[in-house]
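These notes concern the structure reproduced below.
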Amino acid sequence: MENFEFVSPTHFVFGRGAEEQVGEKLAERGARKALIHYGGQSAVKSGLVDRVKAALDEAGIEHVELGGVRPNPEIGLAREGIALCKEHGVDWVLAVGGGSVIDSAKAIAVGAHYDGDVWDFFETKRLTDDVLPIAVVLTIPAAGSEASKNTVVSNDELQLKTGYANNAQRPKLAFMNPELTFTLPEYQTAAGLTDMFCHLLERFFDDVGAVPVTDNLCLSLMKTVRAEAPRVMVEPDNYDARANVMWAGMLCHQGLAGVGRHEDWATHGLEHELSALNPAITHGAGLAVMFPAWMEYVYAENPARFAFYGREVFGLAPTGDLEADALSAIDETRGFFASLGMPVTLDELDVREEDIEKLIPTLKENKGEPFGSFMKLTMDDAREIYRIALA
């Protein structure tokens with residue numbers, strides 16, 4: 001087990017009606033004025049934003065609001081949010097939505113007390129403790145951003161999508177009501193399940209040997225996601241299934257499932273270039289394509305690790321041939337994503353071979369060379385992985 005530091009400051013309010021406690025809990029922490037940040041119109045049409053505003057009003061907390069967060073959030077809207085915070089003296093950022101909204105809220109919170117451009121933090125990765133506190137009303141279980149130290153945003157002007165990690169931007173409060181996820185579209189539910197499963201894969205496959213406590217946590221969460229996935233797809237209003245998925249999604253990316261490991265994150269880097277190329281590509285869908293392709297390219301570095309994963313997660317019986325067992329585990333992974341209705345080739349995402357060279361410069365800028373830990377990858381390796389994913 002490697003040395004590690006782990007910070008987890010998030011106070012969770014979980015269950016039916018959790019969002020009704022927003023005003024009370026923020027007031028307990030001295031909130032005076034909040035920026036309510038949300039995405040498209042679903043949070044408005046459902047009445048959720050109005051319920052959140054009513055809870056704040058009842059607690060005597062003033063608020064301003066900024067909607068319009070898109071999937072793969074763009075830095076321009078975060079800049080608008082920063083300007084609102086400075087103009088109105090906002091002291092809390094309240095995200096109402098899923099990972100994209102929360103990531104945008106984190107960028108706002110990081111830049112609210114900064115005199116320069118918030119993009120500086122994404123370019124330099126410089127840490128700051130001067131971050132507005134963040135609260136979250138979660139509507140989409142997927143990214144785990146409601147408790148993580150990470151945010152990822154796009155800069156369309158630069159055609160760049162990149163992340164920023166800082167424990168100071170972990171949300172202080174997360175309100176998690178599984179009932180808010182009942183009406184999610186099937187595709188969005190499936191993409192979320194894929195995203196959380198891939199967060200575990202990034203942690204499970206690296207260059208560190210066995211770390212039993214962490215490994216077993218990862219494996220248990222993988223099995224939970226696999227077990228609940230068909231239930232939520234067939235019974236979208238199954239409270240217990242939705243609750244298990246929502247809590248698992250947080251645990252998949254909070255950080256606990258990676259302690260003592262280096263983690264890999266090559267595949268997330270490969271996928272980020274796809275959704276930077278075309279922001280309409282859903283992150284989970286891109287991961288469903290890229291992870292099996294990455295697996296096929298790197299498994300020979302440690303086929304026993306893949307065979308172990310196949311036995312524990314998919315129940316594959318050992319054949320005595322490690323390579324065959326590893327490849328079977330990869331096939332099962334691709335099959336699991338396909339069973340959710342996710343794409344499994346770049347062709348399904350309208351990404352062609354001629355697009356590969358467009359992805360490489362920003363991949364190198366974001367990840368450096370070499371990148372990854374399970375296998376150190378070069379840009380030529382990246383090209384080959386993209387080619388594997390084509391069809």
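These numbers come from the heavy atoms of this one structure, side chains and all, not from hydrogens, waters or symmetry mates. Bear in mind that the values here come from a model prediction, so they are computed numbers and not experimental data.
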Response to the item:
Correct closest heavy-atom pair for Tyr299 and Ala326 would be CD1-CB, 3.9 Å
Practice prompt. Return yes if some donor-acceptor pair links the side-chain N/O of Glu369 with the main-chain N/O of Met379 below 3.5 Å, else return no.
Written response: yes
Discussion item. Within the 3.5 Å criterion, strictly below it, is a donor on Ser100 or Asp103 matched to an acceptor on the partner's side chain?
Written reply: no
Discussion item. Just so I know, are the side chains of Trp294 and Leu201 near enough to count as touching, which here means a heavy-atom distance under 4.5 Å?
Written reply: no
Fill in: Backbone of Asp120 reached by a side-chain donor or acceptor of Arg126 within 3.5 Å
no
Worksheet item: When you check the side-chain N and O atoms of Glu273 and Asn366, is any donor under 3.5 Å from an acceptor?
Response: yes
Practice prompt. Answer with yes or no whether the side chains of Glu146 and Thr10 bring together a donor and an acceptor at under 3.5 Å.
Written response: no
Practice prompt. Classify the side-chain pair Asp355/Tyr386 by whether it contains a donor and acceptor separated by less than 3.5 Å.
Written response: no
Discussion item. Checking side-chain polar atoms at under 3.5 Å, does Asn72 have a donor or acceptor matched by the opposite partner on Ser154?
Written reply: no
Worksheet entry | Sub-4.5 Å side-chain heavy-atom contact between Val313 and Leu219 | yes
Which donor-acceptor pairs under 3.5 Å do side chains of residues 179-187 form with protein atoms, sequence neighbours excluded?
| from | atom 1 | to | atom 2 | distance (Å) |
| --- | --- | --- | --- | --- |
| Glu179 | OE2 | Arg16 | NE | 3.4 |
| Thr181 | OG1 | Pro178 | O | 2.7 |

Fill in: Side-chain cluster (under 4.5 Å, hydrophobic types only) that Trp265 belongs to, other residues
none
Worksheet entry | Note, Met290 side chain near Leu270 side chain (heavy atom, < 4.5 Å) | yes
Item to complete: Check ring-ring contact (aromatic ring centres under 6.0 Å, His included) between Phe204 and all other residues, then give those that pass, not counting sequence neighbours.
Response: none
Worksheet, complete the sentence: Sequence neighbours excluded, the answer for ring-ring contact (aromatic ring centres under 6.0 Å, His included) partners of Tyr38 is none
Worksheet item: Is a side-chain donor or acceptor of Glu2 paired with a backbone partner of Arg261 at a separation under 3.5 angstrom?
Response: no
Worksheet item: Looking only at heavy atoms, which two atoms of Gln169 and Val110 are closest? And how far apart?
Response: OE1-CG2, 3.3 Å
Item to complete: Indicate yes or no for a side-chain donor-acceptor contact from Arg334 to the backbone of Ile330 under 3.5 Å, with no hydrogens or angles considered.
Response: no
Discussion item. Quiz question: by atom type and distance under 3.5 Å, do the side chains of Thr162 and Lys125 form a donor-acceptor pair?
Written reply: yes
Practice prompt. Might you point out which heavy atoms bring Leu340 and Ala190 nearest each other, and give the distance in Å?
Written response: O-CB, 3.2 Å
Donor-acceptor pairs under 3.5 angstrom involving side-chain atoms of residues 245-253: please list them, not counting sequence neighbours.
| from | atom 1 | to | atom 2 | distance (Å) |
| --- | --- | --- | --- | --- |
| His253 | ND1 | Arg203 | NH1 | 3.3 |
| His253 | ND1 | Arg203 | NH2 | 3.2 |

Discussion item. Does this structure show an ion pair linking Arg51 with Glu19, if we count only N-O contacts that are shorter than 4.0 Å?
Written reply: yes
Worksheet item: Within the distance-only criterion (no hydrogens, no angle test), does the side chain of Glu384 pair as donor or acceptor with the backbone N or O of Asp380 below 3.5 angstrom?
Response: no
Discussion item. Taking the ring centre of each residue, are Phe197 and Phe291 less than 6.0 Å apart?
Written reply: no
Worksheet item: Without hydrogens or angle criteria, can the side chains of Thr362 and Lys367 be said to hold a donor-acceptor pair below 3.5 Å?
Response: no
Fill in: His268 versus Glu202, side-chain donor and acceptor atoms under 3.5 Å
yes
Worksheet entry | Under 3.5 Å: donor-acceptor pair, side chain of Lys161, backbone of Gly269 | no
Fill in: Geometric class of the Tyr164/Phe122 ring pair [parallel <30°, tilted 30-60°, perpendicular >60°]
tilted
Item to complete: Identify the residue among Asp207, Asp215, Asp206, Asp264 that makes a salt bridge (Lys or Arg N to Asp or Glu O under 4.0 Å) with Arg305.
Response: Asp215
Fill in: With sequence neighbours excluded, residues passing salt bridge (charged side-chain N to carboxylate O under 4.0 Å, His left out) with Arg352
Asp347, Asp350
Fill in: Geometric class of the Phe306/Phe205 ring pair [parallel <30°, tilted 30-60°, perpendicular >60°]
parallel
